[in-house]
There are 2 protein chains.
Amino acid sequence: MKRISPNEAWTGVADCLNCNIRQSVLFSDLSEADFDLVHRPIDQLTYARGAEIYGMGEKATSLFTIRTGLVKLTRFLPDGTHRIVRLLRKTDIIGIESIVSDSYSHSATALHPTELCRLPVGTIRELSNSNSRLFHELMSRWHRALSEADRWITEFSTGPSRDRVVRLLLWLSEVEPDGRCELFSREDLGAVLGLTTETASRMMAELKRQGYISEPHTNQFLCDIPNLRRLVA
Amino acid sequence: MKRISPNEAWTGVADCLNCNIRQSVLFSDLSEADFDLVHRPIDQLTYARGAEIYGMGEKATSLFTIRTGLVKLTRFLPDGTHRIVRLLRKTDIIGIESIVSDSYSHSATALHPTELCRLPVGTIRELSNSNSRLFHELMSRWHRALSEADRWITEFSTGPSRDRVVRLLLWLSEVEPDGRCELFSREDLGAVLGLTTETASRMMAELKRQGYISEPHTNQFLCDIPNLRRLVA
DNA sequence: CGGTGGATTGACCTTCCTCAAAGCGTGTGG
DNA sequence: CCACACGCTTTGAGGAAGGTCAATCCACCG
């Protein structure tokens, strides 16, 4: 596994009006006039695999839109164990709790190389007062986050280990063409599914032997979607 | 177990201005003038143990504030299994997704005798356009729901069965004085924690034998909070 | 070409599930 | 008022699934 220095880098000021994922982004409904109200610049940032975006309990000053990549949100229990409670990808928002909370509820870490737009929470608060569509868009985002959380509970925390692994593979393939999907370490896989590293590894190996998945390159998988679906029907 | 006919009953029109849980309720910040905008009446309803409040996928027309009682939200998987994804109690809101979604995301069922106020979603939408404090209050509710969902994942879906049971007992005791808490069927207990009925029962029996909890009346428990906390530290 | 960190595999053991029987409390009908 | 039936809970025995610990493998890197 390539491990670049886990770091962030500023890569420019976002040009929201000409954003190439504009239609699926928080600001999709904003007019040019609205953008004039955005005084602080919106930075674009790049994070290497493994880089931490923010830490649990840290002062929450910004929310982020994911342009590319994959981000995990992790929560820690008093007894030292931890669990990944969500995975977020292209067009998802992380740190939405900054709108109503002083601190971040999770720590956020890039699992793949990741590009983000950083939106200062002040900007969002100001805009949402004057723009009811942004208001509505924010509500939808909360709803989406909650639906994902529910899915986490029912699909990734319930049932036998093989089914959980399969459901995650299907989830990862949702946004990629022809059953392609990029995975990450077995340890993180386990932390997503509430399993040990070894069990996660065993299930992946078994699915591979049974021909449900293949691995042309390290952590690049090809999934037989229809048959995987049948496994968890 | 007393099993009254599982049904709902209308018990009056709410007097929000003089609500006895006003300070912790969605409308806490509304002025008398705001209430003049509420044209449709806000009904109070009573549900017996086991009564369904709404079903998953049903057309979402209202949200509800819980005045007393306990409500479970259940989700069903394609393979027929189901899981309780949240428990809600006094001052919590259920059906908040009706603001942004056409249908309910879960089915909601009363686990204890429950009193609700039914708020037509149209009323909420109208009010939230004009009242930015309601807007903010709604955001906080989304945030609360999401935090609870995260807790569900980390505390009730992770780790050995005994710890999960203990964490749930602590959660139930949070709002009651001196370690008192009212439980429900072992089957529901299992569905909350992702365990079988039998395992849930065994863990309860073991905690009872070890003196961590006692059961003065059926499903009325007394918990030794400090020691229970120590078990899951 | 050896070193390093994750992935895989194996052996063993604990935990939890499955299936089945017995217990208990509540309500019903004789 | 008692006896029985019904539904849920508890308990038991046995087995399957997953966890633990440890050894080996493998890809990538210096």
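We name chains A, B, ... by the order of the sequence lines, and we start the count at 1 in each one.
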What integer distance in Å separates [X]:[atom1] from [N]:[atom2]?
{"X": "A:Asp163", "N": "D:dA16", "atom1": "CG", "atom2": "P", "value": "18 Å"}
{"X": "A:Phe184", "N": "C:dA7", "atom1": "CZ", "atom2": "C1'", "value": "15 Å"}
{"X": "B:Leu195", "N": "D:dT9", "atom1": "CG", "atom2": "C1'", "value": "16 Å"}
{"X": "A:Lys208", "N": "D:dC25", "atom1": "NZ", "atom2": "P", "value": "17 Å"}
{"X": "B:Glu206", "N": "D:dG12", "atom1": "CD", "atom2": "P", "value": "12 Å"}
{"X": "B:Asn219", "N": "C:dG25", "atom1": "CG", "atom2": "P", "value": "13 Å"}
{"X": "B:Glu215", "N": "D:dC8", "atom1": "CD", "atom2": "C1'", "value": "12 Å"}
{"X": "B:Arg162", "N": "C:dC17", "atom1": "CZ", "atom2": "P", "value": "16 Å"}

Testing the basics here: between [X] and [Y], what is the closest heavy-atom pair and its distance to 0.1 Å?
{"X": "A:Cys117", "Y": "A:Gln44", "value": "SG-CG, 3.7 Å"}
{"X": "A:Phe184", "Y": "A:His112", "value": "CD2-NE2, 4.3 Å"}
{"X": "A:Ser105", "Y": "B:His143", "value": "OG-NE2, 3.8 Å"}

* Name the closest nucleotide to the A:Ala205 side chain, picking from C:dT9, C:dC16, C:dA7. =>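 When the side chain of A:Ala205 is considered, C:dT9 is the closest of C:dT9, C:dC16, C:dA7.
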* Asked: B:Arg209 side chain: which of D:dT11, C:dT26, C:dT8 is closest?
  -> D:dT11
* In chain order, what residues pass the salt bridge (Lys or Arg N to Asp or Glu O under 4.0 Å) check against B:Arg83, with sequence neighbours excluded? ->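 Expected list: none.
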* Take atom CG in A:Asp102; do more than 12 heavy atoms of anything else shown fall under 6.0 Å from it? -> no
* **Crowding at CD, A:Glu187 (>12 non-hydrogen neighbours, <6.0 Å)** => no
* **Any donor-acceptor N or O pair under 3.5 Å, side chains A:Trp171, A:Glu148** => yes
* Determine the contact category for B:Ser185: base if any of its heavy atoms lies under 4.0 Å from a base atom, sugar-phosphate if only primed atoms, P, OP1 or OP2 are that close, otherwise nothing. => sugar-phosphate
* NA contact type, A:Ser161, heavy-atom cut-off 4.0 Å: base, sugar-phosphate, or nothing? ->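 A:Ser161: backbone/sugar contact only, no base atoms under 4.0 Å.
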* Using side-chain hydrogen bond (donor to acceptor under 3.5 Å, both in side chains) as the criterion, point out the one residue from B:Arg144, B:Arg141, B:Arg86 that pairs with B:Asp92. =>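 Testing B:Asp92 for a side-chain hydrogen bond (donor to acceptor under 3.5 Å, both in side chains) against B:Arg144, B:Arg141, B:Arg86 leaves exactly one candidate, B:Arg144.
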* To do: Report yes if at least one side-chain N or O of A:Thr218 is closer than 4.0 Å to OP1 or OP2 of D:dC28; otherwise report no.
  => yes
* Hey, does the side chain of B:Ser201 come within less than 4.0 Å of D:dT9's phosphate (OP1/OP2), counting only N and O? ->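 No, because none of the side-chain N or O atoms of B:Ser201 sits under 4.0 Å from OP1 or OP2 of D:dT9.
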* Interface residues of residues 186-194 of chain B with DNA chain C (non-hydrogen, below 4.0 angstrom) ->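 Residues of residues 186-194 of chain B under 4.0 Å from DNA chain C: B:Gly194.
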Please tabulate the protein-to-nucleotide N/O contacts below 3.5 Å involving nucleotides 20-22 of chain D, giving atom names and distances.
| from | atom 1 | to | atom 2 | distance (Å) |
| --- | --- | --- | --- | --- |
| D:dT20 | O4 | A:Arg202 | NH2 | 2.8 |
| D:dC21 | N4 | A:Glu198 | OE2 | 3.1 |

* B:Glu174 and salt bridge (charged side-chain N to carboxylate O under 4.0 Å, His left out): which partner among B:Lys90, B:Arg180, B:Arg151, B:Arg167? ->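 One option only clears the test, and that one is B:Arg151.
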